[in-house]
Structure formats: C-alpha cells, structure tokens
Amino acid sequence: MRRYDASEIEPRWVAAWEAEGRFHASEDPADERPRFYALDMFPYPSGDLHMGHAEAFSGGDAVARFKAMQGHNVLHPIGWDAFGLPAENAAIKRGVPPAEWTYANIEQQAASFKRMGMSFDWPRRLNTCDPSYYRWTQWLFTRFFERGLAYRKRSPVNWCPNDATVLANEQVQQGLCERCGAVVERRDLTQWFFRITDYAQRLLDDEPELVDWPERVLTMQRHWIGRSQGAEVRFTIKETGEEIPVFTTRPDTLWGVTFFVFSVEHPAVRRLAELGGTWDDVSPLVEKARATSLNSREAADAKEGVFLGVHAVNPVNGEEIPCYAAPYVLMEYGTGAIMAVPAHDERDFAFARAHGVPVRVVIQPGDAASLDGGALHEAFIGEGVMVNSGTFDGQETPASIGAVIAWLEDQGSGTGTVNFRLRDWLISRQRYWGPPIPIIHCPVCGEVAVPDADLPVELPTDVDFKPGGDSPLARHPTWKHVACPTCGGEATRDTDTMDTFVDSSWYYLRYCSPGYLDGPFDPAAVASWMPVDQYTGGVEHAILHLLYSRFFTKVLYDMGMVTFREPFPRLMNQGQVIFGGASMSKSKGNIVEPMPIVQRWGADSMRLMMLFAGPFEDDIDWKLVGGDVDRRPGVHAWLGRVYAAVGEAAERGDLAEPDGLARLTHRTVKGVTEDLERFRFNTAISKLQILSNEMRTVLDAGAGARSAARALTLMLAPFAPFIAEELWHADLGEPGSVADGPWPGFDPAMALEDSVTLIVQVDGRVRDRIEVPTGIGDADALALAKASENAQRAVGDREVAREIVRAPKLVNFVTRQ
RNA sequence: GCCGGGAUGGCGGAAUUGGCAGACGCGCGGGUCUCAAAAACCCGUGAGCUAGCGCUCGUGAGGGUUCGAUCCCCUCUCCCGGCACCA
C-alpha cells in the first residue's frame, strides 16, 4: 500500500503554486465575484515565525481559502510591521544594523509562510520600514498636523530607562515597560501627541458598527476610554482669589465637601504652598511623585498628604475648607484637583480620618438605619436622599444630580460635563528604528511640516543607532540641518521617530493598492475592498493597535478619504499558544517552534494540530496537545488514512455508494460549512474524521465512495491544502486547483438522518432506545414507546400520570409518585 | 476591589431551542501481523455494583424551576484574562 509522505508532496506544491502565481485578488472590474477581505494582523519580524503565528495564520488561511472556494474574490495579503523597538533591540544585541536584521527576518518568515502553504497575495507584500511605505506614514502625520491632531507639548510622560525612550500610556503595563519589563519612570518632556481624545466619544458611539467583536475586547476599549458623566465645579482659593476647577461625578455631594486636594504635580501647588508657608513639608512629596511611574503598580497611600496652608471656598455654601496636596489625586485625570467628600468617598474618608478633617453626611441611604446614628464607619457611596444640603434636601439620586448641575449652571459656578480616562496618544520616540517625524523646527516660523514633495524624510544609515539620552538622529552630524521650507532660513529637523503603532494604524488600507504613488492608498481600491470582512489576530492588541486603527479610520473619514467609520467590523481573537500553563519564553526554556514540526510532519499536520486542538479563540497548551516533535501527531496518522481511503475510493471509480455514506456526506458538508462560518475549526475537522471513518467502513465492505472522497478532499482543502491538492489531482484526476473549489453544496433533504434514536424515558430516566424514521409522528412514537418491554418493566405496576411525547426524539412516561 | 470569561473522563475537547452526557482525537489496555520490535489494522476504555439481563452514581459545590438541567434561576468555591486611587 502507498504511504503518505508530506515531505514529498508539500514542497512540490509550494513550487507549483509559486510558479503559477496563485492566490491573487482580482482587480478586474469585470470580475463579478463578491469581494472578501480576509486580514490577519501582520507579523513582527523579530525572528522566525513562532507558534502564535502558526495558530493565527492557520485559522486566517482556512477562512481565506474557504471564502475563495465559496466563490469570493479574496484579498488575503501579508506584510511586515517592521519598524520598532524589538527588532531594533535585537539588532543592537547582535551588532548588526536594524535594517539588515529586519530584512533578513522578513525573508525567513516569508519563506516559512510559503512552506506552510499560506494563500497570500504575495505581490502585495509590504513592510512598514520601506521608504515607499513610511513616506505615506509621514504624509499622514503632516495631514494630522495640519488639522491640529498632531501637536507637541511638554508634560509628564512615561520614560523607559532601559529602552531610553518615552512610551504611550497604552504601552505601560502595571507600571512596567510593555516591551522590556523595566520599571517606567516619569519625566517632564516635550513630545508629539495625536489628539485621540477628540475622538473619545465617537470611539464609543460607533461601537454598534463593530458587529462581531469579542465582548471582552469591547469592554476593554470601553474601560480604557473611561467615559464619566458629571460636572466641573469651580472652587475659589480664598488667599489668592484664583478659581480651581474640579471634576466630580457626584455634584449632589457638594454640601458634604470638607476639604480640597491638589495632585502633588498640580502647577499651582508650589506657589500655594510657598504662600501658605508649607513648601518645606510639601516638596518631599512632589519629589517622590516625580520618581514614580504614571501607571504605578502600588497605589499611593490614600492617607498620605500635606496641608498647603491655604483654603478653598465651596461655591455652594461659601464654606472655607483646607487645601491639601496628596499623591492619591492624579494629575492625569480630571483637572488634577478634587473636592473631597469623606462621607461619600472611600479615599476621602480614609484621608479625613488620618488628618482629623470633619466628615459630613449629605446622602442618606434608603434605609437610614445603616447610618448607625450618624456615626459613619465607612464611606457611603451608594444612592440615597440628599440631607444637610439646603434647599436640595429630600431629592433622590440619581435625579438629584441633574438638578444640582442645572442649579450650578444657573449660579455660574459649574457646568455639566463629561470626562474621559483616555489620554492623547504619545507618538514620538527617542529611537532610531522608526519613521522620522516630518517636522522642521524653524526659529522664525516655528514647527513646519515637511512639504509633500520632500517626503519621505529618509532615515540616515550612517548613524550610531544605539539608544542614549536623546534620539540617535540628533547625534548625526549633518542630518538634522536643513533650510526652513517656509522662509528658507536655517532650521533643524525633528529628531524623534514615530511609534511603530502609527505604522500599523493604516497598513490594511495600503494593502488595497500597495504600489500606489499618488497617496497612501487608491481611494477606488479602498472603496472596493474595505472595510475588512474578517480580521484575525491576538487579543494583546485589544486596546493598542485596534483603538489606534479605529481612530485613524475616523480621522480619514473626516478628511473625506474613506467612506466608512470602522475598519474592522468583524474581529476574531485566536488564543495564545502556551506551554505548561505559562507563556513560552527563552528564560523558561519552553519554546516550541512551528517550522521543526513542519519539517518533520508537514505543514498540513502542523495546521491541523493547531486547529484541531480546541476552539480557535481558546488558548492551546502545547504541553498537553503537542507532545514531542518526534512523536507522530494523531492528525498526521489521520491524514495517512485519508490518503489511503481517497486513493482506494478513486480506484473504484463509480462503483455504487451506499445511501448512508451519501447522507453522511451531505450532513458533513452542511456541518463543516456552518462550522467554518463560525470559526469552529475543531468541530469541522472532527466531522471530516467521522466522514473518513465511514468511508473506511464502506470501502472495507467492498462498496464505492468516490463522491464522498471528492467532497472530503474539497472540505479538507482549507485546513490541509497540500494533501487536498495532491488527492485532487493525482487521485481524483480533477482539473484545476482544489483551492478554486467550488465548495461542495448539500441537499437539505439528504442532510437529514434517515433514522433517529427515539429515547424512551420513565420518570426522566432512559429505559430504552428505539431506531425510528426521522419523520415519525407523536402517535406512532408513543405507540412504539408503549410497546417497549424495558419501559414497561420500569413502570411496573405504577400508574402513568403523564406522557411527554417529543417525536422523533423522546417519549417520557411520568408515573404517579 | 471592579469588569469579562471559565470549571465536563487519565488528557485536548463535543453536545441546535432544556431531551441518549462524554462526539472526534490523544493516551492507556487487549488482540492481529512479525523471529522480535516499530508501523499499520481490529476490539475495549467515565465511576461503582452485577455471573448476566441490567441497576446506581456522574458535567466545580449547594439549592431552585421543570416530566426532564452540562444548558435556565439563586448562593458559593476555585481558575484565567483585563483594569486597578478614574474623583
């Protein structure tokens, strides 16, 4: 008997597909097939492909191939997110220029993808570090700049001392650098930002257009945007007369304000403390805060804080209350100062207790008893009735909040407002491996965008790219010196580069027309492909890449460059590939790589292992499902059986096929089609295994199975494209590529089981099983059930009180107890 | 602390609308073939009781609804992920 040998089959088809130029999306206007844009998050070239890529792309490719077989004109592009810190750091470690290292990895990954049989539209490949790409990243920056969406400001920012660069808030995880894990520091620096906060509300409003996003990603984004409705209330500093606004979600507690707190970084703190004669006490707190990261792991002690020696006047009642500076108030949220209501806020309560500030109850809980005679043991933060609040007494939350806001606005001491947690996106980096920010600083004209005709501003190659205190570009002797585009005078280039997430915020648009020279993308091509029909990628981008891309798309929409507001209506997150319950890492020594598996058992087996291991969105623990690379995977053995069975079925030609097999084939087509639509690869493969098992039985009985074999081969193609192509040609003798389909259809009547098992229960317990025709009626089913000896014995001499009949599935006799 | 998702055999996991729990696969046990082994193929495989027909128990724990619950409701435990002084 012939033997399945992936190492003989697969390289042949890699070469054949390459030679005939398969998998190109058609731009022919006469091509009337519906278009389908299947996009996988593009990889980062920091080495060869890892297990995460293998998992994600096995799934993404199955979808792309499935859609193509169904008759869609599929765009399934590939490219590389090639700029950025990891590649740069790896290059530095190896002592080679980042470009050299990056391009070498790209070629390796491209070769691996080809060996895996990914159905990419190769001529469209792009990479973000290519000047022909980042020219347009820079062009987009200048458009943002013109619209006031890119701006420079000095502010406290996240600084990674190890990578020697600033980081976006989104890149700080629990106070640590997302990339290297170093403790992030806080520095006051002048940096470039994108005004994503202008789009905060729209990022929420357009959520209904994200028709198929994982719920957890939506909640993460919602939480990150962090919308709070409330009021801005203006307090006056008694000693200076200046107004200091605060944000509160509970203006109904204004009558319970007993002190006022500034963030230690608030610009007024030093001045007020000096005025109040307390600066010597306050300054150590300020110094301490400066050294702590913005997203510090340790929340500041809510009790820590110092009296400033000045007072604030409560606008609702004119009361004078003490002002403090305390680290528990964040400069980054709200206005950097708060009105403190200890009776109704946990942190304010703890602070008040520690500093001997009075606690005044102004919200009475529904059950007044829980106030314990007015002596609070903890803050009451729930809803209730206003008390001790002048004319507002008796009003109930939440209606009271609106009433107070209306009154504040009438009084001119406050306004209803919305506050967001989202901060502007810090995009400048003091590193070499990114697109230079296309701005020229002119002593006369200020910040001037590099004219379109001068783009791209190319990265110099003769530069010491190692990270240092400033940008490597600043250290180049000549690069930054240019004439001002506006006045012609001496000026200097901005020497920072852009965050790599800027590059990846628009790559999906570039894929639609990768060689386009008149803009970042051809509007007609984008109109015909976008939005992406199915986006696949890791959940680690739940906030970063996905939020930024949504923001970019909305800006482009406002610019009239695209006609849609959301780029990715459908998103699927594949699970992580882990090992022994933990992520794979060099330090743990538990790294498994896909290519050795491909070499040993073939790409088809590797892909099937990934997709059969469990639901696509669940994590895969390779320790549990992968085993030793030298041990033959179960799916490989299965492919061997398929190879044999399809071969035998083909040899028997048109020998009659049992009706049962034909029915199973139709049922399998129905099930696999539905499973593929829902990313249920594991159950789809299981159904194919059931079909191939049945084929084996039929063949062993001497019957034919050719049409089952043909359908099986077609349905196998999205998962195991090589063996499917081989069987299609060599065994079934079909013309063309199996990848062109067409995807098999099914007859709904044939997809029904011809008989089902009728369950006979007595008091809910299964007592008999009877094979009955699918179309059996209730009366016949009941008659059969009554005739069951097993059921009769179980009923015994008890009386049947009720008969539940659900033909054709079940009859339940309920006896009188 | 808050938000989201989970918990099913030795393992990965199946199970339309509430209707045979454990599909499919791995592993394991037995067998065929072989001088032997590997491979391949066949049979078995939730637990307990039983000579057998069969019976009982069983989807994290406890309760509820129902003729019937892995599925719906309530309470709880544990696990994973995210956020974490957000005023």
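Residue numbers start from 1 in every chain, and the chains themselves are labelled A, B, ... in the order their sequence lines are given, proteins ahead of strands. Bear in mind that the values here come from a model prediction, so they are computed numbers and not experimental data.
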Quick check: do [X] and [Y] have side-chain heavy atoms less than 4.5 Å from each other?
X	Y	answer
A:W255	A:N314	no
A:I196	A:L203	yes
A:L546	A:V217	yes

With heavy atoms under 4.0 Å as the rule, sort [X] into base, sugar-phosphate or nothing.
X	result
A:G634	sugar-phosphate
A:R641	sugar-phosphate
A:V329	base
A:I690	sugar-phosphate

Quiz item: Residues in side-chain contact (heavy atoms from CB on, under 4.5 Å) with A:S413, at least two apart?
Solution: A:P315, A:L408, A:Q411
Quiz prompt | Pairing residues for A:I405 by the side-chain contact (heavy atoms from CB on, under 4.5 Å) criterion, not counting sequence neighbours | solution = A:A231, A:P251, A:I401, A:E409
Determine the Euclidean distance between corresponding [atom1] atoms of [M] and [N]; express it in Å to zero decimal places.
N	M	atom1	result
B:rC11	B:rG64	C1'	34 Å
B:rG10	B:rC28	C1'	8 Å
B:rA61	B:rC55	C1'	27 Å
B:rU75	B:rA87	C1'	33 Å
B:rC42	B:rC35	C1'	23 Å
B:rC43	B:rG63	P	42 Å
B:rC80	B:rG29	P	33 Å
B:rA15	B:rC20	P	13 Å

Quiz item: Using the ring of each side chain (for Trp, its six-membered ring), is A:F351 parallel, tilted or perpendicular to A:Y324, with breaks at 30° and 60°?
Solution: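 It falls in the perpendicular class, over 60°.
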Should [N] form a Watson-Crick or G-U wobble pair with both distances under 3.5 Å, which nucleotide is its partner?
N	result
B:rU34	none
B:rA47	B:rU56
B:rG1	B:rC83

Could you run down the sub-3.5 Å N/O contacts of the protein with nucleotides 63-72 of chain B?
unit_1, atom_1, unit_2, atom_2, d
B:rC67, OP1, A:R802, NH1, 2.7
B:rC67, O2', A:N812, ND2, 3.4
B:rC67, O2, A:N812, ND2, 2.4

Can you give each donor-acceptor pair under 3.5 Å made by side-chain atoms of residues 609-619 of chain A, sequence neighbours left out, with the distance rounded to 0.1 Å?
unit_1, atom_1, unit_2, atom_2, d
A:D619, OD1, A:Q576, N, 2.8

Quiz item: Is B:rG60 in the syn or the anti form, by the rule that syn lies within 90° of 0?
Solution: anti
N/O to N/O distances under 3.5 Å, protein versus nucleotides 50-56 of chain B:
unit_1, atom_1, unit_2, atom_2, d
B:rC55, OP1, A:R767, NH1, 3.0
B:rU56, OP1, A:R765, NH1, 2.7
B:rU56, OP1, A:R767, NH2, 3.3
B:rU56, OP2, A:R767, NH1, 3.3

Self-check item: Sugar-phosphate or base contact per nucleotide [nucleotides 2-18 of chain B; S, B, -; heavy atom under 4.0 Å]
Solution: -SS------SBSSS---
Self-check item: Along RNA chain B (nearest heavy atom to each residue), the more 5'-positioned of A:T757 and A:W638
Solution: A:T757
Quiz item: Is it true that A:E789 and A:R793 make a salt bridge, defined as a side-chain N closer than 4.0 Å to a carboxylate O?
Solution: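 Salt bridge between A:E789 and A:R793, a charged N being under 4.0 Å from a carboxylate O: no.
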